[in-house]
Amino acid sequence: MSVHLYNSMTRTKEEFKPLTEGQVGIYVCGPTVYGPPHLGHAKSYITFDVLVKHLRGRGMQVRYVQNITDVGHLTDNADSGEDKIQKQARIDRVHPLEIVDRYMFQYFTDMEALKIAHPSFYVRATQHIGEQIEAVQILLNKGHAYEIGGNVYFDVNSFPQYGKLSGRVLDEQREAVRVEARSEKRNPRDFALWKKAEPIHILQWNSPWGRGYPGWHIECSVMSTKYLGETFDIHGGGLENMFPHHECEIAQSECVTGKTFARYWVHNNMVTVDGVKMGKSLGNFKTCRDLLTRHSAEAIRVFILSTHYRSPTNYTEEAISAAAAGLTRLAVLKAFLETASKGTEGTNAVSCDISTLCHDADRQIGEALDNDLDTPGAIAHLYTFATAFNRLAAQTPLSPIEAREGLAVLKRWGEDLLGIVPVSAVGKGVADVEPLMDLIIELRKELKTAKRYDLADKIRDQIKIAGFTIEDTREGSRWRRL
RNA sequence: GGCGACAUAGCCAAGUGGUAAGGCAACGGUCUGCAAAACCGUUAUUCAUCGGUUCAAAUCCGAUUGUCGCCUCCA
């Protein structure tokens with residue numbers, strides 16, 4: 001099976017075939033950096049992180065471009081309201097670029113903490129002002145835009161296909177309401193390409209239409225096509241951006257180039273908190289940083305990935321803890337396999353059962369991901385694999401080569417791709433505690449031989465407070481970090 | 001008001017016409033000096049409700065109820 005993706009444009013699941021075989025261009029809407037990253041960002045960027053890694057795992061070369069919106073924008077169709085970045089700058093009494101700098105770096109740091117790989121590169125709106133002005137000029141020249149008093153608007157009526165992504169048609173009633181409020185525009189659905197800046201607006205640039213700043217949508221049109229080509233493979237983003245943002249991007253881009261913009265549209269669903277929308281105005285948004293103080297990156301990832309990306313994720317503290325609790329078995333198995341793979345004794349043969357198990361897991365997990373990134377299915381198969389592997393390992397001793405084969409499956413999917421298996425199951429801290437733990441285990445062995453169970457148990461209990469657990473098995477004691 | 005999505009065990013959550021994945025929790029059991037881990041078993045005759053299509057429906061169609069999202073910036 002090849003990779004299939006649900007394309008929002010056609011509303012069907014389609015086989016994914018890049019424009020150029022073996023090479024993929026993907027553009028994902030990045031954050032506007034005026035506040036700390038939250039769980040919604042995490043869901044979106046973890047989703048595309050897994051998608052890109054999977055495409056690469058399937059042998060494709062992927063160029064993944066993500067933007068950083070560092071120009072503040074007003075509400076897109078309104079002429080009133082305050083620039084988001086400038087507003088935050090006013091509140092904090094700093095320059096807008098200080099806001100941009102602060103939250104952009106927090107974004108990078110938090111995404112990294114969530115084990116999200118960097119895109120191929122980030123692009124910033126402020127670094128492409130010239131290109132945006134050019135695009136606006138082309139739209140004016142082609143009659144798709146008009147200028148009024150330093151503002152330039154896109155003429156929606158000049159692009160009959162407007163609405164093809166979101167399935168929206170003109171709503172006469174709502175328009176009628178807006179016409180009164182926005183009489184400057186020819187049509188209430190027209191949107192700003194370039195906004196005239198008042199002197200108080202700090203981030204502004206020269207343009208053929210006077211001092212101003214670009215409209216919200218144009219940056220994505222310009223930057224995606226600049227780095228990926230006029231027609232490119234995948235455009236991703238949050239569902240809430242489908243309209244109007246992506247609709248406007250399509251209109252602008254296709255009017256500038258005369259070609260199809262993005263070929264596949266991939267939208268991730270939203271995050272709710274206790275059943276209701278997570279929104280800034282509702283004050284219920286969960287920041288990544290806050291979540292990371294209570295949960296590991298793996299816990300947050302498995303929580304998010306255990307719901308399909310096109311379904312809404314409902315955050316509750318219980319749900320995330322429950323999802324994380326299951327991870328222990330994978331971590332323990334990994335620690336066990338790491339130890340078992342180090343030995344040199346035993347046969348070099350890989351038993352038929354182990355081999356079949358690993359191959360089946362590879363196939364099943366891969367197919368789940370091929371199927372529109374079915375991460376819940378992939379996780380289920382990984383758990384099934386872990387159970388089956390443990391069963392076999394309990395029956396017959398593992399040879400090092402068998403352990404390595406099992407470890408490879410766990411690493412390939414659980415660690416590298418999904419990022420849900422802790423990298424250091426045994427783990428090294430600041431100091432290397434291994435000799436110390438070996439000594440403790442040796443001492444307990446002597447105590448147990450002498451039937452001094454009270455002391456042996458006391459050591460085991462106390463060591464737990466220090467963050468380690470000792471497990472006594474038939475083959476001897478072993479330890480791991482909690 | 002317009003557009004769209006979803007309703008599956010105590011909780012989270014797959015299922016894309018062929019007879020209900022997986023995780024958490026709970027309760028038994030094996031193993032163990034005990035504990036932990038691991039493994040085995042039990043927990044939805046049923047998929048919001050009511051109709052319809054079909055040999056066959058959680059899956060398709062219609063109606064009803066409920067929840068959520070978008071239509072204003074938001075991942």
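No experiment lies behind these values; they were computed from the predicted model shown. All chains are named by letter (A, B, ...) in the order of the sequence lines, taking the proteins before the strands, and each is independently numbered beginning at 1.
Between A:Met278 and A:Ala386, it is A:Ala386 whose nearest contact on RNA chain B lies nearer the 5' terminus. The residue among A:Thr469 and A:Ser44 whose nearest nucleotide of RNA chain B is located toward the 5' end is A:Thr469.
Contacts of A:Leu239 with the nucleic acid, taken as non-hydrogen atoms under 4.0 Å apart, are absent. If you check every strand for non-hydrogen atoms under 4.0 Å, A:Ser311 touches sugar and phosphate atoms only. Across all strands shown, A:Tyr45 has heavy atoms under 4.0 Å from sugar-phosphate atoms exclusively, and none from any base. Nucleic acid contact class of A:Val271 (heavy atoms, under 4.0 Å, all strands): base. Here A:Lys451 lies out of heavy-atom contact (under 4.0 Å) with every strand. Note on A:Lys43: nothing from the nucleic acid sits closer than 4.0 angstrom, heavy atoms only. Across all strands, A:Gly35 comes closer than 4.0 Å to no nucleic acid atom at all (heavy-atom distances). Within 4.0 Å (heavy atoms only), A:Met242 reaches no atom of the nucleic acid at all. In this structure, A:Asn314 reaches neither bases nor backbone, as no heavy-atom distance under 4.0 Å exists between it and the strands shown.
Searching all strands for a Watson-Crick or G-U wobble partner of B:C31 with both distances below 3.5 Å returns nothing. Pair assignment for B:A20: none, as no Watson-Crick or G-U wobble contacts are both less than 3.5 Å. With a cut-off of 3.5 Å on both pairing distances, B:A14 has no Watson-Crick or G-U wobble partner at all. Under the Watson-Crick or G-U wobble criterion, with both distances below 3.5 Å, B:A9 is left unpaired in every strand shown. In this entry B:A36 has no Watson-Crick or G-U wobble partner, no candidate having both defining distances under 3.5 Å. Using Watson-Crick or G-U wobble geometry with both donor-acceptor distances under 3.5 Å, B:U53 finds no partner in any strand shown. In a base pair of the Watson-Crick type (N1 to N3 plus N6-O4 or O6-N4) or a G-U wobble (N1-O2 and O6-N3), with each distance short of 3.5 Å, B:A58 is matched with no nucleotide.
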Reading nucleotides 18-30 of chain B from the 5' end, what letters show protein touch, with B for base, S for backbone sugar-phosphate only, - for no heavy atom under 4.0 Å? ---BSSS------

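Near-neighbour residues of RNA chain B inside residues 436-445 of chain A, defined by a heavy atom below 4.0 Å, are absent. Sorted by residue number, the members of residues 6-15 of chain A with any non-hydrogen atom under 4.0 Å from RNA chain B read A:Arg11, A:Lys13.
Listed by chain and residue number, A:Tyr45 satisfy the ring pair (Phe, Tyr, Trp, His ring centres under 6.0 Å) test with A:Tyr107 (two or more places apart in sequence, or in another chain). Judged as a side-chain hydrogen bond (donor to acceptor under 3.5 Å, both in side chains), and not counting sequence neighbours, the contacts of A:Thr10 are A:Thr12, A:Glu14. When the salt bridge (Lys or Arg N to Asp or Glu O under 4.0 Å) test is applied to A:Asp454, the partners found at least two apart in sequence or on another chain are A:Arg452. Judged as a salt bridge (Lys or Arg N to Asp or Glu O under 4.0 Å), and not counting sequence neighbours, A:Lys464 has no contacts. Not counting sequence neighbours, the partners of A:His41 by the ring pair (Phe, Tyr, Trp, His ring centres under 6.0 Å) test are A:His38. Among residues two or more places apart in sequence or in another chain, the side-chain hydrogen bond (donor to acceptor under 3.5 Å, both in side chains) test is passed with A:Asp362 by A:Arg412, A:Trp413. Considering only residues two or more places apart in sequence or on other chains, A:His295 meets the ring pair (Phe, Tyr, Trp, His ring centres under 6.0 Å) condition with none of them. Annotation: side-chain hydrogen bond (donor to acceptor under 3.5 Å, both in side chains) contacts of A:Ser221 (sequence neighbours excluded): A:Gln252, A:Ser253. Partners of A:Lys411 by side-chain hydrogen bond (donor to acceptor under 3.5 Å, both in side chains), not counting sequence neighbours, listed by chain and number: A:Asp416.
B:C40 atom C1' lies 13 Å from atom CG of A:Asn390, rounded to whole Å. Separating the CG atom of A:Leu114 from the P atom of B:A75 is a distance of 15 Å, rounded to the nearest angstrom. Regarding A:Glu317, its CD atom lies at a distance of 14 Å from the C1' atom of B:C12, rounded to whole Å. Rounded to whole angstrom, the span from the CZ atom of A:Phe468 across to the P atom of B:A36 amounts to 21 Å. Rounding to whole angstrom units, CD of residue A:Gln364 and C1' of B:G15 are separated by 15 Å. Nucleotide B:A38 holds its P atom 17 Å from the CD1 atom of A:Ile470, rounded to whole Å.
A:Thr109 and A:Arg289 share no side-chain donor-acceptor pair at under 3.5 Å. Side-chain contact of A:Thr69 with A:Asn67: a donor-acceptor pair under 3.5 Å is present, judged by distance alone.
B:U54 and B:C71 have their C1' atoms separated by 39 Å, given to the nearest Å. Comparing B:C6 with B:A13, their P atoms are spaced 14 Å from each other, to the whole Å. The C1' atoms of B:C12 and B:U49 are separated by 24 Å, rounded to the nearest whole Å. A gap of 13 Å separates the C1' atoms of B:G18 and B:A58, to the nearest Å.
Judged by distance alone, with hydrogens and angles left aside, A:Asn269 brings no side-chain donor or acceptor close enough to the base of B:G69 to form a pair under 3.5 Å.
A stacking contact links A:Tyr453 to B:G33: the aromatic ring centre lies within less than 5.5 Å of the base's six-membered ring centre, and the planes differ by less than 30°.
Cation-pi check for A:Arg310 over A:Tyr6 is met; the charged atom lies under 6.0 angstrom from the ring centroid and within 45 degrees of its normal.
Side-chain N/O atoms of A:Arg391 include one lying less than 4.0 angstrom from OP1 or OP2 on B:C40.
Rounding to the nearest 0.5 Å gives a distance of 5.0 Å between CD1 of A:Ile354 and CD of A:Glu402.
Here the side chains of A:Ile463 and A:Met437 are in contact, with some heavy-atom distance below 4.5 Å.
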